[in-house]
Engineer: 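My questions all concern the structure below.
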Amino acid sequence: MEIALYQPQIGYYSSGETRTGRQGDFLTPVSPGPLLGQLIALQIAEIHLTLNHPPTLHLVEQGADRGHLAHDILTALSQHHPDLLPRLQLHLIEPSPSLARQQQTHLHPFRSLLPLHWHADLSALPPSSHPTFFYSCELIDSIPVRLIRFFSGQWHERFVTQTENQLDWIDQPVSAELLNEINRWSIPPIEGFTTEIRPSISSWLKLLSQKIQKGAILTLDYGLPAHELYHPSRFTGTLRALRQHSPSANPLTDPGQQDLTAHVNFTELIEEGKKLGFHNHGLLPFMTALPRQATSLLREYPPMSEKSTRNFQHLVHPSFFGQSHLALLQTKNLPESYQPSMFFS
Ligand SMILES: C[S@@+](CC[C@H](N)C(=O)[O-])C[C@H]1O[C@@H](n2cnc3c(N)ncnc32)[C@H](O)[C@@H]1O
C-alpha cells in the first residue's frame with residue numbers, strides 16, 4: 001500500500017494525477033462544493049473566539065490533494081471573518097512535489113493575505129507556542145494498513161509477493177507486535193476473518209501532539225469505532241481498491257493506478273489522543289454534526305442558495321457522505337467550558 005500509493009513520482013498519489021472529483025476515481029466530501037470549507041471556517045472562528053482572539057493561529061492541513069479545501073476555508077474566512085485572516089498562518093504537509101506545486105497555484109490568490117508554508121512531512125512542521133488547528137479530510141483512510149487473517153487456529157499477516165508476472169498474497173504467522181494489536185482490539189478469531197490494522201497511527205498522533213501545545217485536531221473520514229470495525233459481521237475487512245468511481249476486484253492489480261483505502265479505527269484515535277492529553281468532544285456522523293454546524297451558518301448568513309442546499313444534501317444525506325463519514329474533534333489545553341457547536345446543538 002505504501003509503495004502503490006506513495007512511491008515518489010509513480011505512486012497513485014505521488015504522481016500528482018487527478019485522483020479526486022468527477023474527473024478522478026472517487027468523490028470526497030470536498031468534491032461537491034465549498035460548503036465543507038465554510039463549515040470548517042466556522043469551527044476555526046469559534047476556536048479563535050474561545051481562545052480570546054490570539055494574535056496568531058496556525059492552521060495545518062495534511063493530505064490536501066490539490067488544495068481545494070484550504071481554498072474553500074480561506075475564501076469563507078476572507079468573506080465572513082476578514083479580521084481573522086491576518087492572524088492566521090496556513091501550513092500544508094505535502095510529500096509530493098507535484099501536489100505541492102498544484103496547491104501553491106491554487107492558493108496563490110491568498111499569498112498576500114496570510115503566510116502560507118509547505119512542509120514535506122509532519123516532522124518538518126515547526127513546533128509553536130501559538131495555538132494550532134489541525135484538520136484533515138480522508139487522510140487517515142489512505143495511511144497504509146497491515147492486513148491480517150485468522151486461519152488454521154492462528155493469526156497471519158498477509159504480505160505481497162511476486163509470482164511470475166503478477167502480485168499475489170503470501171501469509172505468514174503474525175509478529176508478537178501485531179498480536180498485541182490484535183489482542184488490544186479483541187479481533188474475533190473466526191476462521192477466515194480478514195481485517196486491517198494501522199500501526200503507524202500512534203506514532204503519527206504522537207508526533208502531531210508534539211506540534212500542538214494548545215489547539216484542536218478535526219478528523220473527517222470514513223470509519224467506525226473499534227467494536228463495529230472488528231465485528232464478526234465485517235468478515236472480509238474494509239480494504240478497498242477504487243478506480244473510476246467503482247470498486248476494483250483485486251487490490252493487487254495495477255499498483256499505482258488505483259486507490260487503496262481502509263476504514264479508520266476511530267476508537268484508536270480517541271484512545272491514543274487521550275494518552276497525549278487531548279480531550280475528545282465526540283464522534284458523530286456528518287448527518288448529525290454538520291447540520292449542527294450549519295445552524296450557525298444559516299443564522300448568520302441566510303438564505304442558502306440552491307447550489308449550497310445541494311452541496312449540503314451531498315454532505316449530510318445518508319446515501320452520500322452523511323452516514324459513512326464521521327467527524328471527530330479533539331482539543332488540547334482549551335478552556336474546559338468550550339462546547340463546539342458541531343457536537344452540541
Ligand atoms: C483520499 S485523498 C483526500 C484528499 C482531500 N483531502 C479530499 O478530501 O478531497 C488522501 C490524500 O492524503 C494524502 N496523504 C496520505 N498520506 C499522507 C501523508 N503522510 N502526508 C501528506 N499527505 C498524505 C494523499 O496524498 C492524498 O492526497
Side-chain angles (χ1 to χ4, degrees), residues 1-40 59-73 90-104 106-107 117-125 134-145 198-208 211 217-223 238-243 245 247 256 258-264 286 290 311 314-315 320-321 324-328:
M1 190 169 174
E2 178 81 48
I3 295 171
L5 298 184
Y6 304 112
Q7 182 73 12
Q9 283 153 21
I10 55 169
Y12 179 79
Y13 284 116
S14 18
S15 69
E17 299 279 324
T18 300
R19 301 308 191 190
T20 61
R22 281 182 217 292
Q23 318 296 327
D25 288 324
F26 55 93
L27 300 181
T28 75
V30 181
S31 314
L35 190 64
L36 186 68
Q38 291 165 12
L39 296 175
I40 297 176
L59 304 184
V60 184
E61 181 174 356
Q62 188 171 9
D65 196 35
R66 284 159 290 159
H68 285 111
L69 183 57
H71 186 279
D72 295 340
I73 292 172
L90 176 67
H91 301 259
L92 294 183
I93 313 295
E94 185 49 72
S96 155
S98 168
L99 282 178
R101 275 194 300 277
Q102 294 180 52
Q103 292 162 4
Q104 280 157 6
H106 205 58
L107 295 173
H117 310 275
W118 273 264
H119 311 281
D121 57 55
L122 191 56
S123 59
L125 178 72
F134 177 98
Y135 64 96
S136 69
C137 181
E138 291 202 6
L139 163 72
I140 297 176
D141 73 84
S142 66
I143 293 181
V145 287
R198 197 171 264 120
S200 60
I201 279 302
S202 60
S203 51
W204 171 79
L205 203 55
K206 204 169 172 182
L207 180 60
L208 181 55
K211 310 288 179 181
I217 303 176
L218 177 65
T219 303
L220 308 172
D221 215 322
Y222 44 86
T238 67
L239 178 71
R240 298 283 177 270
L242 292 167
R243 200 170 188 177
H245 302 274
Q258 55 180 2
D259 186 29
L260 297 174
T261 165
H263 278 35
V264 175
F286 276 18
L290 299 190
N311 192 167
H314 261 107
L315 289 176
F320 290 105
F321 299 110
S324 55
H325 283 63
L326 308 183
L328 171 70

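Order of appearance sets the numbers: ligands from 1, and atoms from 1 within every ligand.
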Engineer: For ligand 1, is any non-hydrogen atom under 4.0 Å from Asp65's backbone (N, CA, C, O), its side chain (CB onward), both, or neither?
Structural biologist: both
Engineer: Should Leu205 and Ile217 count as side-chain neighbours, where that means a heavy-atom distance under 4.5 Å?
Structural biologist: yes
Engineer: Can you sort out which atoms of ligand 1 are near Val30, meaning under 4.0 Å from one of its heavy atoms?
Structural biologist: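 It comes down to these atoms of ligand 1: 7 (C), 8 (O), 9 (O).
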Engineer: Identify, by atom number and element, the atoms of ligand 1 in contact range of Ser142, meaning under 4.0 Å from any of its heavy atoms.
Structural biologist: 10 (C), 12 (O), 15 (C)
Engineer: Classify the side-chain pair Gln103/Trp118 by whether it contains a donor and acceptor separated by less than 3.5 Å.
Structural biologist: yes
Engineer: When you measure from atom 10 (C) of ligand 1 to every protein heavy atom, which one gives the shortest distance, and what is it?
Structural biologist: Glu138 O, 3.2 Å
Engineer: With distance as the sole criterion, is a donor-acceptor pair present between the side chains of Ser123 and Asp121 under 3.5 Å?
Structural biologist: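 Yes, Asp121 and Ser123 have a side-chain donor paired with an acceptor closer than 3.5 Å.
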Engineer: Give me the residue, atom name and distance of the protein heavy atom closest to atom 23 (C) of ligand 1.
Structural biologist: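 Among all protein heavy atoms, the one nearest atom 23 (C) of ligand 1 is Leu139 CD1, 3.5 Å.
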Engineer: Just to confirm my output: which protein heavy-atom neighbour is closest to atom 7 (C) of ligand 1, and how far is it?
Structural biologist: Thr28 OG1, 3.3 Å
Engineer: Do Glu61 and ligand 1 have an N or O pair less than 3.5 Å apart?
Structural biologist: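 There is no such contact.
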Engineer: Step through it carefully: locate the ring centre of Phe26, locate the ring centre of His245, and say whether they are under 6.0 Å apart.
Structural biologist: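 Not close enough - the centres of the two rings lie 6.0 Å or further apart.
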Engineer: Nearest protein heavy atom to atom 2 (S) of ligand 1, by residue and atom, and its distance?
Structural biologist: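 Sorting protein heavy atoms by distance from atom 2 (S) of ligand 1 puts Tyr13 OH, 3.6 Å first.
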Engineer: Pro95 heavy atoms, cut-off 4.0 Å: which ligand 1 atoms fall inside?
Structural biologist: 20 (N), 21 (C), 22 (N)
Engineer: Evaluate side-chain contact (heavy atoms from CB on, under 4.5 Å) for Gln102 paired with Asp65, printing each intermediate quantity in order.
Structural biologist: CA-CA 8 Å; Gln102 294 180 52; Asp65 196 35; over 6 Å; no
Engineer: Can you find a non-hydrogen atom of Phe26 under 4.0 Å from ligand 1?
Structural biologist: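 For ligand 1, residue contact (heavy atoms, under 4.0 Å) with Phe26 is present.
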Engineer: Less than 3.5 Å apart, any donor N or O on the side chain of Glu61 or His91 sitting next to an acceptor on the other?
Structural biologist: no
Engineer: Can you report which non-hydrogen protein atom sits closest to atom 16 (N) of ligand 1, along with the distance?
Structural biologist: Tyr6 OH, 3.4 Å
Engineer: Quick one: does Asp141's side chain have a donor or acceptor within less than 3.5 Å of a partner on Thr261's backbone?
Structural biologist: no
Engineer: Side chain or backbone, does Cys137 bring an N or O within less than 3.5 Å of an N or O on ligand 1?
Structural biologist: yes
Engineer: I need the nearest protein heavy-atom contact for atom 19 (N) of ligand 1: residue, atom name and distance, please.
Structural biologist: Gln62 NE2, 3.4 Å
Engineer: Looking only at protein heavy atoms, which one is nearest to atom 13 (C) of ligand 1, and what is the separation?
Structural biologist: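 For atom 13 (C) of ligand 1, the nearest protein heavy atom comes out as Gly63 CA, 3.5 Å.
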Engineer: Give the ring-plane orientation class for His325 versus Phe321, where under 30° counts as parallel, over 60° as perpendicular and anything between as tilted.
Structural biologist: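 Perpendicular.
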Engineer: Determine, using heavy atoms of Leu69 and all atoms of ligand 1, whether some pair is separated by less than 4.0 Å.
Structural biologist: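 Contact absent.
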Engineer: Do Ser96 and Tyr6 have side-chain N/O donor and acceptor atoms under 3.5 Å apart?
Structural biologist: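 Distance-only check fails for Ser96 and Tyr6.
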Engineer: Can you confirm whether more than 12 heavy atoms, excluding those of Leu207, are under 6.0 Å from its CG atom?
Structural biologist: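 More than 12 within 6.0 Å, yes.
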